[in-house]
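Atoms within a ligand are numbered from 1 in the order they appear, just like the ligands themselves. None of the values given here were measured: they were computed from a predicted structure.
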Amino acid sequence: MENSTKQFDVIILGSGISGSTLATILAKHQVRVLIIDKGTHPRFAIGEALTSHTEKLFSLLSHQYGIPEFDHLSSFHKINKHLKNCGCGYKRSFGFLYHQEGKEQLPQERIQWGTGHDSHLFRQEIDHYLLKTANNYGAKFLCETTVSDIKIDASKVEVKLESGEQFTADYLVDASGYNSILAEKLNLREKPTRFKTHSRSIFTHMIGVKNTDDCLKETNANIMPFYQGTVHHIFDGGWMWVIPFNNHENSSNPICSVGLNLDPRRFPKNNNLSPDQEFKHFISLFPSIPLQFENAKPVRNWVATDRLQYSSSSCVGERFYILPHATGAIDAIFSVGVAQTFITISPLAALILKAIANKDFTTKNFASLGRLQQDIFDYNDKIANCTYISFRNFNLMNAWLRVWLLQHMMSVAKLSSTRLLGLALETHKGYKDRDWSRFTNIDYLKDIDPRTEGWGNSYVQKAILEVEKVEQNLLSADEAAINIISLLNSTS
Ligand SMILES: Cc1cc2nc3c(=O)[nH]c(=O)nc-3n(C[C@H](O)[C@H](O)[C@H](O)COP(=O)(O)OP(=O)(O)OC[C@H]3O[C@@H](n4cnc5c(N)ncnc54)[C@H](O)[C@@H]3O)c2cc1C
């Protein structure tokens with residue numbers, strides 16, 4: 001690049017779903033954006049199961065910033081219409097199959113709830129699509145590029161590359177995920193993490209995974225097929241995801257995403273076993289699972305993680321913001337990762353646009369959003385921790401999943417409220433209005449916060465306490481289940 005093109009308004013580190021989404025919004029609004037990634041596209045990424053909440057957020061971002069390409073990702077059918085052959089799967093439900101060691105899975109220990117016409121994102125295609133969209137709106141992209149140094153002072157950000165090239169910008173966003181450059185450089189990682197959830201994961205993409213329903217004894221014709229959704233095989237101490245991409249007449253990608261999540265305090269990593277061996281050993285303990293994987297073969301190397309949870313003491317500072325996946329992570333359960341990212345991006349993009357317009361990047365303007373991001377992590381952590389505790393007993397899991405579902409439905413309803421979409425639509429229509437303050441004030445942050453308020457928050461908090469008492473041996477799992485169900489009945 002010429003020297004004159006080395007000055008940007010914003011530099012984004014990482015071109016995954018979060019970096020490219022933010023870059024698209026900023027570039028669309030005439031911000032000079034540079035994205036730097038150490039890798040390239042298309043490339044494998046995890047985070048494939050969506051919820052109705054995530055889909056609504058795609059829609060919200062589309063209306064808020066006038067970007068139709070986001071709305072194309074807001075349902076399975078829209079994806080099929082606008083992104084032909086992108087390999088995504090269909091999600092009509094969350095399905096939970098409870099297993100006990102050495103025993104056949106029981107039909108009465110199955111739980112399912114419907115979602116909208118949601119999707120399983122084939123991330124390598126979707127991330128690439130979003131990067132190309134950012135590019136089309138004018139964002140510059142450097143791939144396979146290593147950052148060697150970052151300097152931030154009161155007046156600017158300087159990013160130096162291993163090649164010796166140097167770029168300056170007014171603001172820096174770290175979207176580089178687990179290996180966050182800024183968290184490392186500024187020593188922000190909490191060691192040990194403050195999160196309570198304990199899990200590790202092994203995961204891969206497979207072909208030849210059988211349709212879940214074909215492997216179940218006594219299926220019920222009155223419920224939706226499990227295979228047209230995200231399947232969770234649950235057992236005491238962990239769970240497995242099965243995320244098919246070939247589960248609809250319009251989705252023919254033969255790949256199925258498979259992941260095994262274990263509490264390492266119960267099931268420590270055994271370095272003498274390969275992930276494939278560990279996976280096969282584990283499923284052999286549960287007589288109803290192996291049939292589904294009888295002919296399955298991994299099509300890429302397994303990834304075996306250490307403890308998944310990591311956290312940072314801060315995500316905001318002078319002239320920088322660290323996006324959620326670079327700040328911390330909890331667990332794949334309930335697929336909240338991408339949603340959390342979009343909850344941040346919705347107000348963050350407006351904050352950056354406002355900062356550029358006012359030439360004022362004062363940290364305190366971003367501080368409320370940083371607090372919200374950290375609070376959502378703590379909330380999601382409590383929920384995930386309780387979920388793992390609940391897995392020790394079907395009745396407790398059954399009661400607890402209802403709590404999760406109710407709070408999820410309330411967060412979707414909140415997001416669909418006329419106030420939030422109304423604000424976004426108003427901007428979408430007019431477009432002349434460059435006053436982003438409506439999306440940056442405290443009320444907007446309250447609206448986008450997925451946590452329940454008032455009585456909703458009160459029952460969630462009470463239910464959390466009931467489940468935590470089980471872990472502390474103050475209550476049996478069955479007693480906690482009864483208490484939670486009566487709590488739910490008393491709120492209706
Ligand atoms: C096991 C697991 C399962 C999950 N399942 C789900 C799910 O089902 N649903 C869901 O919503 N969420 C899920 N999540 C969370 C989800 O994966 C993340 O929220 C999401 O992928 C974050 O996207 P991102 O763009 O911020 O980060 P990433 O997708 O991690 O992208 C980071 C980018 O930064 C680049 N990068 C890294 N280091 C550097 C560097 N030094 N310099 C430049 N670039 C760099 C990488 O190459 C990459 O392109 C899961 C997470 C895990 C760990």
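Nearest residue to atom 49 (O) of ligand 1 from D37, L308, T327, I322 is D37 (criterion: closest heavy atom). Among G16, A339, A332, the residue whose heavy atom lies nearest to atom 3 (C) of ligand 1 is A332.
Nearest protein heavy-atom contact of atom 6 (C) of ligand 1 is G47 CA, 3.2 Å. Residue, atom and distance of the protein heavy atom nearest to atom 28 (P) of ligand 1 are H325 CD2, 4.1 Å. Nearest protein heavy-atom neighbour of atom 11 (O) of ligand 1: V338 N, 2.8 Å. The shortest contact between atom 15 (C) of ligand 1 and any protein heavy atom is with G337 CA, 3.9 Å. In this structure, the protein non-hydrogen atom closest to atom 37 (C) of ligand 1 is S176 O, 3.2 Å.
With F94 as the aromatic partner, K91 meets the cation-pi criteria of under 6.0 angstrom to the ring centre and within 45 degrees of the ring axis.
Short contacts between ligand 1 and E48, defined as distances under 4.0 Å to a heavy atom of the residue, involve ligand atoms 7 (C), 8 (O). Residue-ligand proximity, I36 to ligand 1, at heavy-atom distances under 4.0 Å covers atoms 43 (C), 44 (N). Using a 4.0 Å cut-off to heavy atoms of I17, the atoms of ligand 1 that qualify are 23 (O), 25 (O). Interface atoms of ligand 1 facing A175, defined by a heavy-atom separation under 4.0 Å, are 32 (C), 33 (C), 34 (O). Residue-ligand proximity, A49 to ligand 1, at heavy-atom distances under 4.0 Å covers atoms 7 (C), 8 (O), 9 (N), 10 (C), 11 (O). Per-residue contacts place R123 under 4.0 angstrom from the following atoms of ligand 1 (heavy atoms of the residue considered): 20 (C), 21 (O), 23 (O), 29 (O). Residue I181 has at least one heavy-atom neighbour below 4.0 Å for each of these atoms of ligand 1: 40 (C), 41 (N), 42 (N). Every atom of ligand 1 is numbered from 1 in the order shown, and the set under 4.0 Å from a heavy atom of I46 is 2 (C), 3 (C), 16 (C), 17 (O), 21 (O), 51 (C), 52 (C).
The aromatic rings of Y65 and F439 sit tilted, their planes meeting at an angle between 30° and 60°.
When each of F361, Y171, F320 is paired with F366, the ring-ring contact (aromatic ring centres under 6.0 Å, His included) condition holds for Y171 and for no other. The side chain to side chain contact (heavy atoms under 4.5 Å, CB included) with F334 is formed by just one residue from the set T51, L401, T230; it is L401.
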Go through the steps to decide whether K6 and E165 satisfy the test salt bridge (Lys or Arg N to Asp or Glu O under 4.0 Å), and finish with yes or no. CA-CA 9 Å; K6 290 190 171 174; E165 264 187 302; 3.6 Å; yes
Chi angles and distances behind the side chain to side chain contact (heavy atoms under 4.5 Å, CB included) call for L142, F167: CA-CA 12 Å; L142 290 177; F167 297 92; 3.8 Å; yes
Intermediate values then yes/no, salt bridge (Lys or Arg N to Asp or Glu O under 4.0 Å), D378 and R194: CA-CA 9 Å; D378 290 332; R194 68 177 189 272; 2.9 Å; yes
Between D236 and R266, does a salt bridge (Lys or Arg N to Asp or Glu O under 4.0 Å) hold up when you go through it step by step? CA-CA 9 Å; D236 184 8; R266 297 276 309 279; 3.1 Å; yes
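If you take NE2 on H77 and OG on S119, they are separated by 10.0 Å, rounding to the nearest 0.5 Å.
Residue K38 touches ligand 1 through backbone and side chain together, judged by heavy-atom distances below 4.0 Å. The side chain of F203, and not its backbone, has at least one atom closer than 4.0 Å to an atom of ligand 1 (non-hydrogen atoms only; side chain from C-beta on).
For ligand 1, the polar-atom distance check against I243 finds no nitrogen or oxygen pair separated by under 3.5 Å. Residue S18 places at least one N or O, backbone or side chain, under 3.5 Å from an N or O of ligand 1. Any N or O atom pair closer than 3.5 Å counts here, and N179 shares no such pair with ligand 1. The N/O atoms of W241, backbone and side chain alike, include none that comes under 3.5 Å of an N/O atom in ligand 1.
H120 and Y90 share no side-chain donor-acceptor pair at under 3.5 Å.
Around the CZ atom of F44, the shell of radius 6.0 Å holds more than 12 heavy atoms that belong to other residues, nucleotides or ligands. Other residues, nucleotides and ligands place more than 12 heavy atoms under 6.0 Å from the CG atom of N457.
Judged by the shortest distance from any of its heavy atoms, R43 lies inside the 4.0 Å radius around the atoms of ligand 1.
Taking 4.5 Å as the limit, every side-chain heavy atom of W404 sits out of range of all side-chain heavy atoms of T387.
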